[in-house]
*Asks:* 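Can you read through this structure? Questions will come right after.
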Amino acid sequence: MQKAVVKNQKVLSLFLCLVLAFSSLSFTLIVSNVNSAEAAATTSQQAGALNSYGNAAAIKDGVILHAWCWSFNTVKQNLANIANAGYTSVQLSPINEILQGDGGGMQLMGNGKWYYNYQATAYTIGNYQLGTRNEFVSMCAEAEKYGIKILVDVVANHTTPDQGAVAGSLKNISGGLYHNRYGDIDYNSRESVTQNNLIGLPDCNTHNSNYQQLILNYLKECVSLGADGFRYDAAKHIELPDDGSFGSSFWPTILKNGSEFQYGEILQDGGNPHTVRISEYDKLMGVTASSFGHILRRSIGIDELPANTMNNYQSEGAVHLVGWVESHDNYTGDGSWQSMDNTDVRLAWAVLAARTGNTPLFFSRPNGSSTSNQWGTNQIGAAGDDNYKHAEVTAVNKFRSAMIGQRESLENMGDNAVLKIERGNAGAVIINASSNSKSFNGSTSLPNGTYEDHAHPGKYYTVSNGTISGTISGRSIIVLYDASDLPDIPTTIPVPTTTAAPTTAPDYSNLPDLTGKTVVFFDNSQKNWSDVYLYYYKYEGDQVQEYRNWPGEKMTYVNADLYYSVIDTNWSQAYVLLNNDKGDQIPSEKMEGFVINKGEQKLFTDGGFVDFEIPKNPTTTVAKTVPISTIPKTTPPPTTVPIITTTMPPVTEPYYPNLPDFTGKTIVFFDNSQTNWDEVYLYYYNPGGGKEPWPGKKMTYVGDDLYYYEIETNWTPVNVLVNNNKNGENAEQIPVKGEDGYVLNRLEQKLITANGFVDFKVPVRTVPPKTVPPVTASEINQPSPTLLGDANLDGEVSVDDATDIQKHLASLITLADEQKLNADANGDGFVTIDDVTAIQKHLAMIDPLF
C-alpha cells in the first residue's frame, strides 16, 4: 500500500500535485492508494527472501495453491505437503456465511453445489462448507509455522438471489444494499458491466459508504485472525473511482485493510478492452492474466510452445499479474477439463511458473477427477487430487523461488515443441509438449558444469562452452539449477540425533515490566542502523493522525541488536514504521505501516512482523538434542558397487564479471528488481546550479537487474535520482517527485533500491564446490579401452557413439561397463558431455582421440 503518512511539506505538495493530475480521484485514494502486486507486501518478509522450506517468503514472489473447496481442517492437515511442494500461499474459497442450498448437501455438484459458496448471505467468518471461525483461526496459526500465507476469496459484488437467506443486518443496511438494476449485462457498456446483475445475482450497492465500511471491517477482521491477502471475485464488475458518473470510492476504501497481497478477478474474456479497463485496476491491485491461461491451454492442446507466443501475457498493459493454467471458472464452466489431463496441466504449469512477471496460481482439481470424470469423488471440503505436489510441479515451484530477481529468456530448441526458459545464468526449465522424445542442442547462459534434473533426480545434463544438449522424454519437464545454497527442507522423518553444546541466551534483565503494554521490538542485525526510530500513526476517517512528527521517537537499545518502544496511547490500532532518520525505512516509501493492535507485542526482523515474547528465564540454556543432519535434497544414482565421486574445487567469481574497473570513480548503481522498468535513466544536479537535462543519462545494464552510471563531473556533491523516462517530468522516479535527490559525494559508489540509498561494492561470490555425477568403480579400475569413443562396440567411432553417450547421460539407455570405458573418449575418468564433444572433434578431424 502507498504509505499513508505525511512526513513533511514536500510530501504534502506531492499529494496535492497528484490530486491535480488525477482530478477524478479523491484525496483518500491518493493517501491510501493500495498497492498492486509491485507493492503488495505490507507485512511480508523482504521480497526475494526464502523461508525455511526454501520457498519464496513474499506472496508475490512465490506460487499460490488454489485449495478450491478444501475445508479449513483439510488445509491444516495438508500444510506439510503444501510447504514441501514449494507453495508460498494457499487461496481458499469464500469463508463468509453463504446460502445453504440443497439442504446443506456437500457434493460439488449434485446434492449440494460448489457455487453456493459464491452466494453471500452475511459477512461473518465461517460457513457450512469450509468450517467454523475457530477452525479458520487454528488453520492460520498452523500455516504460519510452515511459512505459508493465507489468501481469502472475497465476494463483494453480489449476494445470493435468495432474499430470505440474506441476513437482516446486511439486507437492511442504511443507504440500501443493492443497485436495483436488472437485465443482462451488455459487455459493450462499461456502466452495464459494473452496475447490472451478474447472471441473476443481485448487484450490491458498492457506492454506499456504509456497505464499503462493512466490507472493510470484514477484511480487517480476516487479517486480524491470520489472513494475509485477498482475491476479489468479479472485480471487474465493481466500478473504479474514475468511471464517470457511476464511479465510486469502493476500491480505495476497502483495499486499505492491512493485508500483504491483493488481486482482483479481471477476466479479459468478455466485451471490449475499454469496458474491462484492466490497466486501470492494475494501478490499484494485482489483476488476472486470464488470456494467457487460454493461450497455454490451446498451445498444449496442439503440442506446441512457440517462444514468441509464450513470452506475451496478453495483459493489455497491466504488469501486476496473477496467472493460471486454469481457474475454477474454466474448470467448471467451459469444458476445458475434458481436453487436459494432469500431464497437460503440468506442462503448461512449467511454462507459467518458470517465468517471471506474474504470480502463478495452481488450481487443485477435485480428487479422483479425470478427463472422463469432472467431479471425481465429488465432495466439498476434501483435498483435491495430488497433481499439485507431483515431482515435476514441485521442482518448478522450487525453481521459481530460487530464481527470484533473475531475468528471463525464452527460446525454442529444435522446433516449437521444446521450449527452454532460462532465468539469468542461474537456471533453466526445458519443456517438451510433444509425445515424442526430442534431442536438443543449443546455447545457454548457464555456467559450465553438470546439473541434476530436479524434476527427475538421478538424471544429469552437462553444460560445456556455453552449449547444453541432451534428450528430453515426450511430455516431460527438465529443471536445472544449483540448489546447494538453498535451505534444507524440514522433515518429520526420524533422523539420528546428537546433543549440542549448551548456549547462553541474550540477557533481557534491563527491560522494564512490559506486561499489558503495546510494544514494538526491532532486530537490527540485518540493517545495522546507528540509530533506530519508531514512527506511528492512525486513521481518523480518511485523515492520518500522527503521534509524533517524523522520524518519530528513538527506540531503546536492549542488547544483541534488539531495540524496543512502547506505544503509549489509547489507540486501539496503530500503523508503525521503523527508520534510521537518514532516508532508510521499513516498510519502504509508499508502503503502509505494519499494523499493531492495542496490547500486542511484536518484533520486526528480516523475516517479517511477528508476535514476540521476552523469554521467561534468560539464563544459560540446557543442551538440546538436535538432528545430526537434514534429509538430503537428492540421492545419488543407485549402484551396486562402491561409488567414486569427484568434487570440483570452489572458485571465486564476480556476480557482474562484465563491469569495468571502478576504482577511484564516482558511480551510481540501481537495482531494478522491484520496479522492472524497461529503461533506466540517472538524473543528477548540483544545488549550486549545474544540472543535466531531463531525464538525464541512460544507465548501463549489467545483469541480474543491476544498472550503473559513472558521474564524471567535478560537481561536489551531486543530488541523484533514477527514472523510467516515461510521461516526461511525470515519469516514475526514485526518490518520488517533490523530494530531493539522494546526495552523492565525489568518489562514492552507492546503490539506489526501492528501499533507499546505500553504499555498494561490486560483490564477489564463491561458487560452492559441485560434485559431478558419480561413476562406479568398474568405470575406472579397468584396463585402458581398446578403442576410445566406440561406445556402441561396433568397432568404429561414429556419430552413433556420440548419440548413445547422450542417451546414456539422459538416462534413456544404460551403457554396459565395457561401453562406459570406451565412452570416456577424453580419458578423464568420467562419462560426460565432454566425451561427446571429443568424438565430434575427432570426426571433424579437429582433434584426434588417440
Side-chain angles (χ1 to χ4, degrees), residues 1-8 11 31 35 39-49 57-58 223 228 258-260 506 508 511 514 517-539 544-569 571 573-614 674 734-736 739 742 751-759:
M1 295 194 176
Q2 185 168 342
K3 181 163 67 73
V5 178
V6 181
K7 294 198 297 192
N8 53 40
V11 177
V31 298
N35 80 352
T42 56
T43 59
S44 76
Q45 291 100 325
Q46 287 180 315
V223 172
D228 300 284
S259 64
E260 173 184 338
Y508 299 110
L511 276 174
L514 299 174
K517 297 184 181 296
T518 307
V519 186
V520 175
F521 294 89
F522 175 55
D523 177 1
N524 192 32
S525 60
Q526 298 299 310
K527 285 293 187 180
N528 293 312
W529 288 338
S530 56
D531 292 307
V532 182
Y533 291 81
L534 179 72
Y535 174 85
Y536 53 99
Y537 61 96
K538 70 172 182 175
Y539 290 106
V544 172
Q545 179 179 335
E546 301 173 286
Y547 178 71
R548 182 175 293 174
N549 291 337
W550 187 265
E553 62 187 36
K554 196 169 184 178
M555 298 187 75
T556 302
Y557 177 70
V558 182
N559 60 38
D561 292 307
L562 186 70
Y563 290 73
Y564 83 98
S565 278
V566 176
I567 295 182
D568 192 17
T569 71
W571 297 352
Q573 187 179 74
Y575 294 79
V576 299
L577 297 123
L578 302 153
N579 70 90
N580 64 350
D581 196 25
K582 294 179 181 178
D584 199 2
Q585 68 177 58
I586 307 169
S588 60
E589 185 71 32
K590 298 185 180 179
M591 303 275 245
E592 192 166 65
F594 298 114
V595 175
I596 188 168
N597 296 307
K598 185 176 181 181
E600 287 184 332
Q601 299 188 5
K602 295 212 168 192
L603 169 73
F604 179 82
T605 71
D606 64 333
F609 197 53
V610 297
D611 293 333
F612 182 71
E613 184 177 353
I614 296 295
Q674 300 298 304
I734 302 174
V736 296
E739 294 195 359
Y742 295 120
L751 172 72
I752 299 175
T753 73
N755 297 320
F757 191 50
V758 295
D759 291 330

*Asks:* Name the orientation class of the two ring planes belonging to Y564 and F521 (parallel below 30°, tilted from 30 to 60°, perpendicular beyond 60°).
*Replies:* tilted
*Asks:* Taking atom NZ as the centre, does K517 end up with more than 12 heavy-atom neighbours from other residues, nucleotides or ligands that are less than 6.0 angstrom away?
*Replies:*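 For K517, atom NZ is not crowded (no more than 12 foreign heavy atoms under 6.0 Å).
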*Asks:* List for me each residue that meets ring pair (Phe, Tyr, Trp, His ring centres under 6.0 Å) alongside Y533, sequence neighbours excluded, and say none if there are none.
*Replies:* none
*Asks:* Can you name the residues that form a salt bridge (charged side-chain N to carboxylate O under 4.0 Å, His left out) with D531, not counting sequence neighbours?
*Replies:*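 Result, salt bridge (charged side-chain N to carboxylate O under 4.0 Å, His left out) vs D531: K554.
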*Asks:* Under 30°, 30 to 60°, or over 60°: which ring-plane class applies to Y536 and Y547, parallel, tilted or perpendicular?
*Replies:* parallel
*Asks:* Between Y537 and Y535, how do the two ring planes meet: parallel, tilted or perpendicular, split at 30° and 60°?
*Replies:*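 Y537 and Y535: tilted rings.
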*Asks:* Any side-chain heavy atom of L534 within less than 4.5 Å of one from I567?
*Replies:*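 SC-SC contact between L534 and I567 confirmed.
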*Asks:* Considering residues at least two apart in sequence or located in another chain, which fulfil the side chain to side chain donor-acceptor pair (under 3.5 Å) criterion with K602?
*Replies:*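 Side chain to side chain donor-acceptor pair (under 3.5 Å) list for K602, sorted by chain: empty.
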*Asks:* Given side chains that start at C-beta, do those of K527 and D584 come closer than 4.5 Å, heavy atoms only?
*Replies:*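 They are in side-chain contact.
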*Asks:* Just jot down the ring pair (Phe, Tyr, Trp, His ring centres under 6.0 Å) partners of F522, sequence neighbours excluded, or say none.
*Replies:* W529
*Asks:* Would you mind reporting whether V223 and V595 have side-chain heavy atoms less than 4.5 Å apart?
*Replies:*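 No, every pair of side-chain atoms sits at 4.5 Å or beyond.
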*Asks:* Identify, with sequence neighbours excluded, every residue that meets salt bridge (charged side-chain N to carboxylate O under 4.0 Å, His left out) alongside D568.
*Replies:*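 Partners of D568 under the salt bridge (charged side-chain N to carboxylate O under 4.0 Å, His left out) test: none.
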*Asks:* Can you sort out the partners of E600 under salt bridge (charged side-chain N to carboxylate O under 4.0 Å, His left out), two or more places apart, ordered by chain and number?
*Replies:*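 Listed in chain order: nothing, the list is empty.
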*Asks:* Looking at T518 and G599, what are the two nearest heavy atoms and their distance?
*Replies:* OG1-N, 2.7 Å
*Asks:* With heavy-atom distances below 4.5 Å as the criterion, would you say the side chains of I586 and F594 are in contact?
*Replies:*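 Yes - at least one pair of side-chain heavy atoms lies under 4.5 Å apart.
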